[in-house]
Amino acid sequence: MKALKLTLLLCLVSFVAFGQGIKSIRDFGVLPTNTPQQNKENLQKAIDWATEYGAALFVEPTDEPYPVATGVRLKKNVSLLGVQGPTGRGTKHPTKKQPVGSVFAITDTNEPFLIVESATHIRGIQFWYPEQTVDDPAKIIKYKPTIAMSEGQNVLGVTMSCLTFYGEYIAMDFNAKAPYKSELTLFEHCYGYPLSGEFIRIDRSYDVPRIIHCHVNPANMREFNSQYSKAVVDAVMHNPTFAYSIQNTDNAQMMDIFTFGTYGGIYLGDQTYGQLTNFNLDCVEIGILKQGAQTKNRNWQIAQGSIIANCSIKKDVKDVHPIIIEGQGHTALTNVECFSGDNAALTTIQRSWDYMLVRGDKKLTVTNFGSRMRNYESDSPITVENPNAVIQFVGCIDKDENLYNKTIGVK
């Protein structure tokens, strides 16, 4: 009896807390039957209320998505919460080709959809672009980013979790402009397939941004709208962009990262350092591009990953490199496998030129332990175009399944 009373009391407390700290966006007049502009104005009123209290707004699930115009400002302290986890193949209406649940429908190209300020939180929401093509690359609509950091101020402590994007052009843009910066941004469990090839981009983030458990895949609408055609995936891959791009960033953390059908997998800019582990970069021309502007802390530790580099914009195998390293600093790789082959979802050349290209003219260092390397056309898995590079491979396996131990540049 005491346990039952305690349970009822906790339920009552939760109910009261929901009423005070969480309000439905419908309470402010955000409705599936409104125009996008009406819903934008009403959603902004809800956010204006929530910013004073540090409150949450509940995106009630519905069988008809909420049409909302772009340019909504998610002001400080506000949480925007839906009911979905990342829906990797989409939710599905019982009779229509559309998603259901906590869904925003976006059609205009005027601004980023959500412009976020500090201490904001977005979770459990689907973002759908119903007018985006799935089969004709000539009809790709270049929408502004779905989520972007506010300009003209620092943006600190933003959480983006359990988000799904359908038809986006750029998903999340955290490229700050000097003198402003972002800090402590968290991207977790986010799924999509950006038609620009850019899913998450970060610039000027000076305190441990984290990208974890994120998935880029052209089949992410398969449940309700089929997947993107081969022609569209080829068009995406022909954009010389990276699915994950990091620049001017301190100690970035990346874990459980996936991409498919983008030109580049992960760009680690010359003013970055951090750790990358547990990843799969599938059907790319360049898997990882790591740069470095100096030797003190422009170092990356990269482990437990797989890269399938088998595509080329120019259809030239000499352009296809699972890993490129240039500039300065150190790169430590452990158990990073690379292989190639065909895939029906896009046009491939089924092989790479090498396993790693090292280029430039300044001293840099590379170590690699226990990696499997295969399906490359060059005689050597390493192409060295930097006379000052110091490289050591230990316990690796080459394309002929022979043990590969190699030291370069040690005097």
Side chain to side chain donor-acceptor pair (under 3.5 Å) evaluation trace for Q126 with T91: CA-CA 9 Å; Q126 302 168 76; T91 55; 2.9 Å; yes

Is there side-chain contact between [X] and [Y], with at least one heavy-atom pair below 4.5 Å?
{"X": "D319", "Y": "W353", "value": "no"}
{"X": "F174", "Y": "I147", "value": "yes"}
{"X": "I211", "Y": "I246", "value": "yes"}
{"X": "Q275", "Y": "N251", "value": "yes"}
{"X": "I106", "Y": "F127", "value": "yes"}
{"X": "Y263", "Y": "I313", "value": "yes"}
{"X": "I323", "Y": "I302", "value": "no"}
{"X": "I286", "Y": "I324", "value": "yes"}

Y143 and its ring-ring contact (aromatic ring centres under 6.0 Å, His included) partner, picked from Y129, F165, Y166: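 Among the candidates, only Y129 passes.
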
Least distance between heavy atoms, [X] atom then [Y] atom:
{"X": "N220", "Y": "Y228", "result": "OD1-CE1, 4.2 Å"}
{"X": "S118", "Y": "V155", "result": "OG-CA, 3.5 Å"}
{"X": "V83", "Y": "S102", "result": "N-OG, 3.1 Å"}
{"X": "P67", "Y": "N39", "result": "O-ND2, 2.8 Å"}
{"X": "I200", "Y": "C214", "result": "CD1-SG, 4.2 Å"}
{"X": "P130", "Y": "T107", "result": "CG-CG2, 4.0 Å"}

Side chains of [X] and [Y]: do they bring a donor and an acceptor to under 3.5 Å?
{"X": "T164", "Y": "W128", "result": "no"}
{"X": "N278", "Y": "D256", "result": "no"}
{"X": "Q247", "Y": "T272", "result": "no"}
{"X": "T241", "Y": "E198", "result": "no"}
{"X": "N299", "Y": "Q301", "result": "no"}
{"X": "T262", "Y": "T259", "result": "yes"}
{"X": "R26", "Y": "Y66", "result": "yes"}
{"X": "S196", "Y": "N239", "result": "no"}
{"X": "S150", "Y": "Q153", "result": "yes"}
{"X": "N248", "Y": "Q271", "result": "no"}
{"X": "N297", "Y": "Q294", "result": "yes"}
{"X": "D108", "Y": "T70", "result": "yes"}
{"X": "Y355", "Y": "N368", "result": "yes"}
{"X": "D27", "Y": "S24", "result": "no"}
{"X": "T365", "Y": "H330", "result": "yes"}
{"X": "T383", "Y": "D354", "result": "yes"}
{"X": "Q253", "Y": "R210", "result": "no"}

Does [X] use its side chain to pair, donor to acceptor, with the backbone of [Y] at less than 3.5 Å?
{"X": "N375", "Y": "S340", "value": "yes"}
{"X": "T249", "Y": "A252", "value": "no"}
{"X": "Q227", "Y": "N217", "value": "no"}
{"X": "H93", "Y": "T95", "value": "yes"}
{"X": "N310", "Y": "I349", "value": "no"}
{"X": "D203", "Y": "A176", "value": "no"}
{"X": "S378", "Y": "P381", "value": "no"}
{"X": "Q132", "Y": "G167", "value": "yes"}
{"X": "T62", "Y": "P65", "value": "no"}
{"X": "K363", "Y": "A389", "value": "no"}

Straight-line distance of [X] [atom1] to [Y] [atom2], nearest 0.5 Å:
{"X": "L195", "Y": "K142", "atom1": "CG", "atom2": "NZ", "answer": "11.0 Å"}
{"X": "M255", "Y": "H213", "atom1": "CE", "atom2": "NE2", "answer": "4.0 Å"}
{"X": "E326", "Y": "T331", "atom1": "CD", "atom2": "OG1", "answer": "10.5 Å"}
{"X": "I325", "Y": "R359", "atom1": "CD1", "atom2": "CZ", "answer": "11.0 Å"}
{"X": "K45", "Y": "K40", "atom1": "NZ", "atom2": "NZ", "answer": "13.0 Å"}
{"X": "T295", "Y": "K362", "atom1": "OG1", "atom2": "NZ", "answer": "10.5 Å"}

Pair W49 + F28: ring centers closer than 6.0 Å: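 Centroid distance W49-F28: below 6.0 Å, so yes.
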
V78, L80, N77 screened by side-chain contact (heavy atoms from CB on, under 4.5 Å) with I47, the one that passes: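 Result for side-chain contact (heavy atoms from CB on, under 4.5 Å) with I47: V78.
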
Candidate pair V384 and I408, rule side chain to side chain contact (heavy atoms under 4.5 Å, CB included), full reasoning: CA-CA 9 Å; V384 182; I408 299 171; 3.8 Å; yes

Mutual orientation of the aromatic rings belonging to F258 and F260 [parallel < 30°, tilted 30-60°, perpendicular > 60°]: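 Parallel: the ring planes of F258 and F260 meet at under 30°.
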
Parallel, tilted or perpendicular: rings of F242 and Y267 (30°, 60°):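 Tilted.
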
Side-chain ion pair, [X] and [Y], N-O less than 4.0 Å:
{"X": "R298", "Y": "D270", "answer": "no"}
{"X": "E64", "Y": "K96", "answer": "yes"}
{"X": "E377", "Y": "R351", "answer": "yes"}

[X] atom [atom1], over 12 foreign heavy atoms within 6.0 Å:
{"X": "K92", "atom1": "NZ", "value": "yes"}
{"X": "K76", "atom1": "NZ", "value": "no"}
{"X": "E151", "atom1": "CD", "value": "no"}

Full working for side chain to side chain donor-acceptor pair (under 3.5 Å) between E188 and S161: CA-CA 5 Å; E188 65 172 0; S161 180; 2.9 Å; yes

